[in-house]
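Chain naming here is simple, since letters A, B, ... match the order of the sequence lines and numbering starts at 1 in each. The shown structure was predicted, so the numbers you read here are calculated from the model rather than taken from an experiment.
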2 protein chains.
Amino acid sequence: MENLQQLARTTFSNLPVEKQEKIVAAAVREFSRHGYKKASINTIVRDAGISKGSLYQYFHNKEVLFVFIFERFTLLVKKAVAEQGRSNVARAREGESATAEQGRSSIVRARDGESTTAAQGRSCVVGAGPEHDFFSQVGRVLLAGIEFIDRHPDYFQIYLRVLFEQDVPMREKLLAQVRLFSREYFGPLCQAGQKSGAIRSDIPLAVVIFILDATLDRFLQSYAQGALDRDLDLGQINREELLVQVKLILQVLKEGLAVYGNSGNRVV
Amino acid sequence: MENLQQLARTTFSNLPVEKQEKIVAAAVREFSRHGYKKASINTIVRDAGISKGSLYQYFHNKEVLFVFIFERFTLLVKKAVAEQGRSNVARAREGESATAEQGRSSIVRARDGESTTAAQGRSCVVGAGPEHDFFSQVGRVLLAGIEFIDRHPDYFQIYLRVLFEQDVPMREKLLAQVRLFSREYFGPLCQAGQKSGAIRSDIPLAVVIFILDATLDRFLQSYAQGALDRDLDLGQINREELLVQVKLILQVLKEGLAVYGNSGNRVV
DNA sequence: CCATAATATGACCAGGTGGTCATATTAGTG
DNA sequence: CACTAATATGACCACCTGGTCATATTATGG
């Protein structure tokens with residue numbers, strides 16, 4: 001037993017949790033501010049209040065440290081997705097009855113409140129019909145993303161940095177673990193949507209996914225770093241307005257930009 | 001006259017054009033590969049085949065060099081936009097007559113060929129009606145973007161790098177000069193579209209622009225760096241397929257994702 | 001052909017990088 | 001307490017960075 005511990009002694013996970021967290025926090029801060037390459041190990045050890053030698057005893061090199069941090073991010077994402085999925089399943093089980101209200105995220109709950117009060121006669125995005133599930137699921141995914149950013153802004157920044165830095169060590173592999181709204185996640189959703197008749201099936205699945213992915217990803221990027229978009233400037237926005245924006249965007253995705261009558265010339 | 005030349009002698013613009021181009025090419029290559037901060041002056045001078053001292057005689061420092069290069073990019077963009085605008089105006093002047101065929105870009109011409117041959121009975125995006133102008137204008141803007149990337153991939157990379165690098169010197173100012181599809185460009189277009197009845201006016205202008213911007217920007221990003229998107233993988237794609245994708249995307253933007261009958265529950 | 005002014009050069013600078021390792025400190029044990 | 005094994009430390013390394021400047025080279029005009 002001492003042998004096993006000897007092997008494990010010097011590893012990071014055997015440190016007191018408090019120290020672990022300080023190191024992680026410092027690394028997350030630095031990587032989120034500067035991406036991989038420009039992030040400074042010196043800064044990290046200074047912020048973490050440890051010596052450089054110690055850091056290199058816990059992590060073989062910069063790359064290992066970075067991958068470790070990024071994997072914490074993917075874990076958080078997986079957890080968030082799982083939660084979101086669970087609440088979706090629960091929602092489906094409860095059906096249309098407005099009594100569903102268990103331990104879900106605050107923002108999603110807030111949106112529910114909105115939609116139930118506004119669900120008298122007007123039906124914008126959250127209306128009756130077979131497409132209800134699809135578009136409100138998409139909406140919930142988006143809101144889950146927003147909530148994730150609220151909870152873990154630094155980690156999301158790291159994700160964005162990896163997304164746009166070319167020479168991050170395991171870039172492809174890391175991104176593959178996560179790709180927020182990519183085919184693996186939206187694929188089944190959209191496929192089901194097409195099957196159930198919620199969304200049109202004359203558009204190739206890839207194109208459907210592309211547009212959803214592009215819009216939602218961009219929305220989250222804008223939310224995460226308000227500077228990017230002058231158009232909708234999220235970030236300075238309050239929660240209610242944010243929900244309005246989400247609704248409008250989903251509405252456009254669903255109904256298109258053309259005025260109602262003009263969509264009549266579609267090939268059916 | 002010698003006095004004036006004396007002042008100007010040491011400047012970059014007085015170098016033989018051949019040398020200028022070599023330096024610019026080296027700088028563009030390096031900045032496109034590594035962004036601003038990680039780009040190496042040493043690499044640039046090596047690639048350009050000049051000494052470091054010379055470079056610093058032409059450009060005060062790294063920042064000045066970078067701004068100089070970026071301004072060449074904005075110039076190229078402005079030229080491309082002007083060309084695109086001119087061809088749009090010409091197109092409008094010629095009206096619906098299919099004889100319009102002056103000195104326009106190859107790819108736009110190619111798309112025209114497609115649309116005119118396909119314009120018998122089926123009307124997908126390029127159909128008759130008041131919205132024709134708007135959506136085909138958007139399409140042409142997108143194709144102009146694609147053509148720009150084909151012509152100047154390195155410059156476009158630099159643009160993307162600036163877009164996602166936080167600490168580029170004059171970042172805000174540089175981006176403001178250019179922002180490919182931002183409010184300044186799409187704003188008037190969309191406003192006109194709403195006025196002419198081509199697009200619905202129950203959606204705030206900002207939201208309309210956001211969705212167009214997000215989709216088109218993402219499309220170009222995917223096109224520029226195929227790695228980003230697994231969904232539609234552009235970049236390996238041939239021209240015809242590309243045009244099909246563009247058409248489909250515009251179609252979805254116009255008509256929405258919902259099946260035709262379901263858009264009936266919109267509030268009119 | 002020479003003298004002088006313009007230009008090109010790369011050794012050099014201070015400062016920063018990721019990474020190493022002999023040494024100091026601490027913790028565990030008999 | 002003492003001895004040893006585990007761990008923490010920061011001076012140090014080679015390398016790279018943007019930037020400088022005395023010196024060498026070239027071009028020009030007399």
Side-chain angles (χ1 to χ4, degrees), chain A residues 1-23 26-27 29-31 33-69 165 167-170, chain B residues 1-20 22-23 26-27 29-31 33-70 165 167-170:
Chain A
M1 120 172 164
E2 273 199 10
N3 273 339
L4 287 176
Q5 280 214 345
Q6 262 180 4
L7 283 172
R9 267 283 169 70
T10 60
T11 63
F12 178 75
S13 57
N14 287 46
L15 290 175
V17 192
E18 191 189 319
K19 206 170 180 179
Q20 284 186 34
E21 275 172 7
K22 219 169 166 189
I23 297 171
R29 189 159 59 241
E30 181 67 4
F31 283 128
R33 283 215 232 280
H34 301 294
Y36 173 74
K37 196 156 192 180
K38 284 186 296 186
S40 163
I41 293 288
N42 293 327
T43 302
I44 292 174
V45 296
R46 201 193 315 122
D47 285 13
I50 62 171
S51 71
K52 209 195 282 195
S54 289
L55 186 72
Y56 276 91
Q57 213 143 28
Y58 310 144
F59 302 97
H60 228 214
N61 52 33
K62 192 184 185 181
E63 180 177 327
V64 168
L65 171 62
F66 181 72
V67 169
F68 175 82
I69 293 294
E165 215 174 313
D167 43 5
V168 180
M170 318 279 295
Chain B
M1 117 173 165
E2 273 200 10
N3 272 338
L4 287 176
Q5 279 215 346
Q6 261 181 5
L7 281 174
R9 268 284 168 71
T10 61
T11 61
F12 179 75
S13 56
N14 287 46
L15 289 175
V17 193
E18 189 189 321
K19 205 170 182 179
Q20 285 187 32
K22 219 169 167 188
I23 295 171
R29 189 159 58 241
E30 181 67 5
F31 282 128
R33 285 216 230 279
H34 302 293
Y36 173 73
K37 196 157 192 178
K38 284 186 297 185
S40 164
I41 294 287
N42 294 325
T43 302
I44 292 175
V45 296
R46 200 191 317 122
D47 285 13
I50 61 170
S51 71
K52 211 196 283 195
S54 290
L55 186 71
Y56 277 92
Q57 214 144 25
Y58 310 144
F59 303 97
H60 224 221
N61 52 33
K62 193 185 186 182
E63 181 176 327
V64 169
L65 171 61
F66 180 73
V67 169
F68 176 81
I69 293 295
F70 196 91
E165 215 175 311
D167 43 5
V168 179
M170 318 280 294

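In the set D/dT17, C/dG19, D/dA8, the nucleotide with an atom closest to the side chain of A/Lys19 is D/dA8. Comparing D/dT20, C/dA8, D/dC12 by their nearest atom to the side chain of B/Lys52 picks out D/dT20. Side chain of B/Tyr58, nearest nucleotide from C/dT20, D/dT20, C/dA8: C/dA8. Nearest nucleotide to the B/Ser40 side chain, out of D/dT17, C/dG18, D/dA8: D/dT17. Here the nucleotide nearest the side chain of B/Asn42, chosen from C/dT20, D/dG18, D/dA8, is D/dG18. If you check C/dT9, D/dG19, D/dT9 against the side chain of A/Ile50, the one that comes closest is D/dT9. You'll find that the side chain of A/Gln57 is closest to D/dA8, out of D/dG18, D/dA8, C/dT20.
The side chain of A/Ser51 contributes no N or O atom lying less than 4.0 Å from OP1 or OP2 of D/dG10.
Atom CD1 in B/Ile41 sits roughly 17 Å away from atom P in C/dG10 (whole-Å rounding). A straight line from CZ of B/Phe59 to C1' of C/dA8 spans 16 Å, rounded to a whole angstrom. The CG-P distance, from B/Asn61 to D/dT17, rounds to 17 Å in whole Å. Rounded to an integer number of Å, the gap from NE2 of A/His34 to P of C/dG18 is 11 Å. Computed from coordinates, the A/Arg46 CZ to D/dT9 P distance equals 15 Å when rounded to whole Å. For the pair A/Ile23 CD1 and D/dT9 C1', the computed distance is 14 Å after rounding to whole Å. When rounded to the nearest whole Å, the span between CD of B/Glu63 and P of D/dT17 equals 19 Å. Here D/dG19 presents its C1' atom at 11 Å from CG of B/Leu55, a figure rounded to the nearest Å.
Summarising the local packing, NZ of B/Lys38 is surrounded by more than 12 heavy atoms from other residues, nucleotides or ligands at distances under 6.0 Å.
When all heavy atoms of B/Lys62 and B/Ile41 are compared, the pair lying nearest together is CG-CD1, 3.8 Å.
The side-chain contact (heavy atoms from CB on, under 4.5 Å) test with B/Glu30 is passed by exactly one of B/Val45, B/Ile44, B/Ile69: B/Ile44.
The base of C/dG19 has none of its N or O atoms less than 3.5 Å from a complementary donor or acceptor on the side chain of A/Lys62.
For the atom pair CD1 of B/Ile50 and CD1 of B/Ile23, the computed distance is 4.0 Å after rounding to the nearest 0.5 Å.
In this structure, A/Phe68 has its ring center closer than 6.0 angstrom to the ring center of A/Phe12.
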